[in-house]
There are 2 protein chains.
Amino acid sequence: MPKSHFPEIRELDLFQGMQEDHFLALMRGAYVQNFPPQIELINEGDPSDFLHIVLSGSVDLFSTWNRRETSMATVRPISTFILAATIKDAPYLMSARTLEKSRIVLVPSEDVRAVFDIDPVFAQAIVTELAQCYRSVVKSTKDLKLRTSLERLANYLLRQQTRADGAAEFDLLIEKRRLASFLGMTPENLSRAFKGLHAYGVMVEGIKVRISNQRDLERFAKPSPLIDDYST
Amino acid sequence: MPKSHFPEIRELDLFQGMQEDHFLALMRGAYVQNFPPQIELINEGDPSDFLHIVLSGSVDLFSTWNRRETSMATVRPISTFILAATIKDAPYLMSARTLEKSRIVLVPSEDVRAVFDIDPVFAQAIVTELAQCYRSVVKSTKDLKLRTSLERLANYLLRQQTRADGAAEFDLLIEKRRLASFLGMTPENLSRAFKGLHAYGVMVEGIKVRISNQRDLERFAKPSPLIDDYST
DNA sequence: CGGGGTCTTGACCCTCCTCAAGGAAAGTGG
DNA sequence: CCACTTTCCTTGAGGAGGGTCAAGACCCCG
């Protein structure tokens with residue numbers, strides 16, 4: 001794999017503090033690949049052969065059961081996914097597909113486990129990352145069980161707004177059908193939910209969202225750090 | 001804390017392989033406490049001062065938002081809970097209350113983090129445990145998003161049956177109102193769901209469940225290892 | 001034998017899904 | 001650059017799943 005990618009990968013929390021030769025050992029076995037959109041990288045149930053790192057583009061993590069499908073998360077650069085399966089050497093619980101043209105690094109799971117065994121700093125970073133992932137899923141479960149779809153959408157918009165540095169107007173980063181699935185509803189219902197948020201000063205046109213009445217929306221959404229803070 | 005509890009705690013995957021003096025250091029700072037039923041041990045949002053270990057009784061992990069409440073999990077002996085918050089030194093995401101008279105060990109979070117830093121075997125065990133927790137929550141999210149309430153109940157019963165070594169008749173281990181909340185529905189709706197499973201040979205009387213037609217129920221429930229296997 | 005909780009049942013209603021069709025974008029090939 | 005195709009988004013009508021409210025049955029425990 002080309003060394004030009006090393007710095008940006010090294011920057012990741014996961015690899016930051018680890019010993020240089022261990023990092024190089026990981027990179028030695030890794031390789032980069034470019035994928036077109038809509039390619040299935042991973043099929044849930046498969047053995048977890050690689051830790052994946054998204055360098056560019058974006059990846060959808062989704063799951064299926066009984067001919068139904070739901071979107072679980074979207075992975076954006078630069079970050080890793082399916083760390084837990086790699087560590088436990090257990091089958092993937094989610095499938096993954098590219099949403100756009102994407103550049104992905106594949107690090108053999110064995111290598112990750114091997115370095116994990118000998119590098120305490122790396123081990124520590126993995127723990128932090130896993131704890132983070134765990135807490136994220138717990139939050140998303142709370143979101144699903146405690147809120148109606150309208151409330152979930154409202155809070156989602158507030159989170160996206162925070163990402164956009166609090167701007168009153170910002171773009172949706174994923175297409176609506178996928179957003180609907182992520183929020184646990186149908187595309188039709190998402191359309192109606194957007195309309196339902198008119199009452200709280202939310203205007204949507206295409207991918208453009210404008211929040212004209214911040215206070216109203218927040219009073220309706222009641223965002224909570226214990227559900228909506230993705231950082232802690 | 002009385003040494004008599006050491007062996008059973010030491011048996012836990014989390015503490016199995018670690019160095020003896022590290023284990024003793026953890027136990028030195030820990031203390032056991034007996035709680036009556038319905039005591040709130042933890043309030044979500046609080047700083048995570050202790051890693052908890054249930055020795056006997058049972059504990060409900062639940063969350064609230066906007067005057068709504070939902071049950072997230074039930075912890076039974078012998079196991080730990082809220083490891084992620086302890087490790088990340090972040091606020092608890094879930095509240096905890098005893099369901100019955102319970103004996104709980106409290107290990108100061110600082111101690112856990114300190115030993116984690118110096119004992120690689122312990123670190124490894126924590127990683128495994130966290131990965132396990134993460135995968136459990138992912139499974140439960142899939143359960144929630146991909147299945148109807150009737151399907152969730154059917155699969156829950158099959159899982160409980162497995163716990164009871166596959167017996168055709170077994171007892172529900174938690175009260176129905178809590179089960180309902182855990183499965184993401186109301187008590188009323190759970191009652192109706194039990195009736196709805198009559199058609200697949202499920203008989204319920206009080207806490208007794210009898211599965212008279214295993215094949216029918218399984219064909220309806222379509223259990224999947226990627227959602228219902230709590231071990232992987 | 002009360003009295004508190006839980007569980008069940010019924011009636012009603014609201015949320016959300018399904019199905020179907022029309023419209024808006026966006027990519028494709030001439 | 002323009003028709004064509006495809007995909008996505010929206011809108012409407014109808015219906016199923018699940019929530020709410022209220023009342024009664026059951027059950028456990030003092």
Side-chain angles (χ1 to χ4, degrees), chain A residues 36-38 60 62 65-71 74 97-101 143-154 156 171-199 202-209 220, chain B residues 36-38 60 65-71 74 97-101 143-157 171-199 202-209 220-221:
Chain A
Q38 306 300 334
D60 183 39
F62 64 100
W65 178 80
N66 197 25
R67 316 213 140 256
R68 295 170 214 165
E69 177 180 322
T70 191
S71 176
T74 301
R97 74 163 74 91
T98 54
L99 291 174
E100 13 174 356
K101 204 162 153 299
D143 194 40
L144 274 171
K145 291 183 77 176
L146 290 167
R147 289 171 172 164
T148 66
S149 60
L150 200 59
E151 289 163 345
R152 287 199 296 278
L153 176 59
Y156 175 85
D171 290 358
L172 293 175
L173 297 180
I174 59 177
E175 53 180 1
K176 292 181 184 168
R177 58 169 29 247
R178 195 170 320 285
L179 175 57
S181 178
F182 174 71
L183 293 176
M185 50 179 148
T186 57
E188 294 95 322
N189 204 33
L190 177 63
S191 267
R192 291 169 189 129
F194 273 127
K195 288 208 159 172
L197 290 182
H198 280 182
V202 175
M203 299 294 151
V204 183
E205 244 192 74
I207 62 166
K208 290 252 176 284
V209 177
F220 169 71
Chain B
Q38 306 299 336
D60 184 38
W65 178 81
N66 197 26
R67 317 211 141 257
R68 296 170 213 165
E69 175 180 322
T70 190
S71 175
T74 301
R97 76 163 72 92
T98 53
L99 292 174
E100 13 174 356
K101 202 161 154 299
D143 194 40
L144 274 171
K145 292 184 76 176
L146 290 167
R147 290 171 171 163
T148 66
S149 60
L150 200 59
E151 289 163 345
R152 288 200 294 279
L153 176 59
N155 280 290
Y156 175 85
L157 293 179
D171 289 358
L172 292 175
L173 297 179
I174 59 178
E175 53 181 1
K176 291 180 183 167
R177 58 166 32 246
R178 194 170 323 283
L179 174 57
S181 177
F182 174 71
L183 293 175
M185 50 178 148
T186 57
E188 295 94 323
N189 204 29
L190 177 63
S191 268
R192 291 169 188 127
F194 273 126
K195 287 208 159 173
L197 290 182
H198 279 181
V202 176
M203 299 295 151
V204 183
E205 245 192 75
I207 63 166
K208 289 252 176 284
V209 177
F220 169 72

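Side chains included, hydrogens not; waters and symmetry mates left out as well; all remaining heavy atoms used. Letters go in sequence order (proteins before strands), and every chain restarts at 1.
Contacts of B:Glu175 with the nucleic acid, taken as non-hydrogen atoms under 4.0 Å apart, involve only primed sugar atoms and P, OP1 or OP2. Among the atoms of the strands shown, only primed sugar atoms or phosphate atoms (P, OP1, OP2) are found under 4.0 Å from some heavy atom of A:Gly184. Contacts of B:Thr186 with the nucleic acid, taken as non-hydrogen atoms under 4.0 Å apart, include base atoms.
Salt-bridge check for B:Arg178 with B:Glu175: passed, with a basic side-chain N closer than 4.0 Å to an acidic carboxylate O.
Regarding A:Ile174, its CD1 atom lies at a distance of 13 Å from the P atom of D:dC8, rounded to whole Å. If you measure from atom CZ of A:Phe194 to atom P of D:dC8, you get 16 Å, rounded to the nearest angstrom. Atom CG in A:Leu183 sits about 14 Å away from atom C1' in C:dC16, given to the nearest Å. The distance from atom CG of A:Leu146 to atom P of D:dG19 is 13 Å, rounded to the nearest whole Å. Between the CD1 atom of A:Ile207 and the P atom of D:dT7 there is a distance of 20 Å, rounded to whole Å. In this structure, A:Glu205 atom CD and C:dA25 atom C1' are separated by 13 Å, rounded to whole Å. When the P atom of D:dG17 is taken as reference, atom CZ of A:Arg68 falls 11 Å away, rounded to whole Å. In this structure, CD of B:Glu151 is placed 14 Å from C1' of D:dG18, rounded to the nearest angstrom.
Checked against side-chain hydrogen bond (donor to acceptor under 3.5 Å, both in side chains), B:Lys176 has no partners two or more places apart in sequence or in another chain.
Closest-nucleotide positions on DNA chain C for B:Gly206 and A:Met185 were compared, and the one nearer the 5' end corresponds to B:Gly206.
In terms of modelled atom types and a separation under 3.5 Å, the side chain of B:Arg152 and the main chain of B:Arg147 share a donor-acceptor contact.
Applying the 3.5 Å distance criterion, the base of D:dG17 shares no donor-acceptor pair with the side chain of B:Arg192. A donor N or O paired with an acceptor N or O is not found under 3.5 Å between the base of C:dC16 and the side-chain atoms of A:Glu188.
With rounding to the nearest 0.5 Å, the separation of CZ in A:Arg68 from NZ in B:Lys145 is 14.0 Å.
Counting heavy-atom neighbours within 6.0 Å of A:Gln38 CD, excluding the residue itself, gives a total above 12.
Between B:Ser149 and the phosphate of D:dG18, there is a side-chain N or O to OP1/OP2 separation shorter than 4.0 Å.
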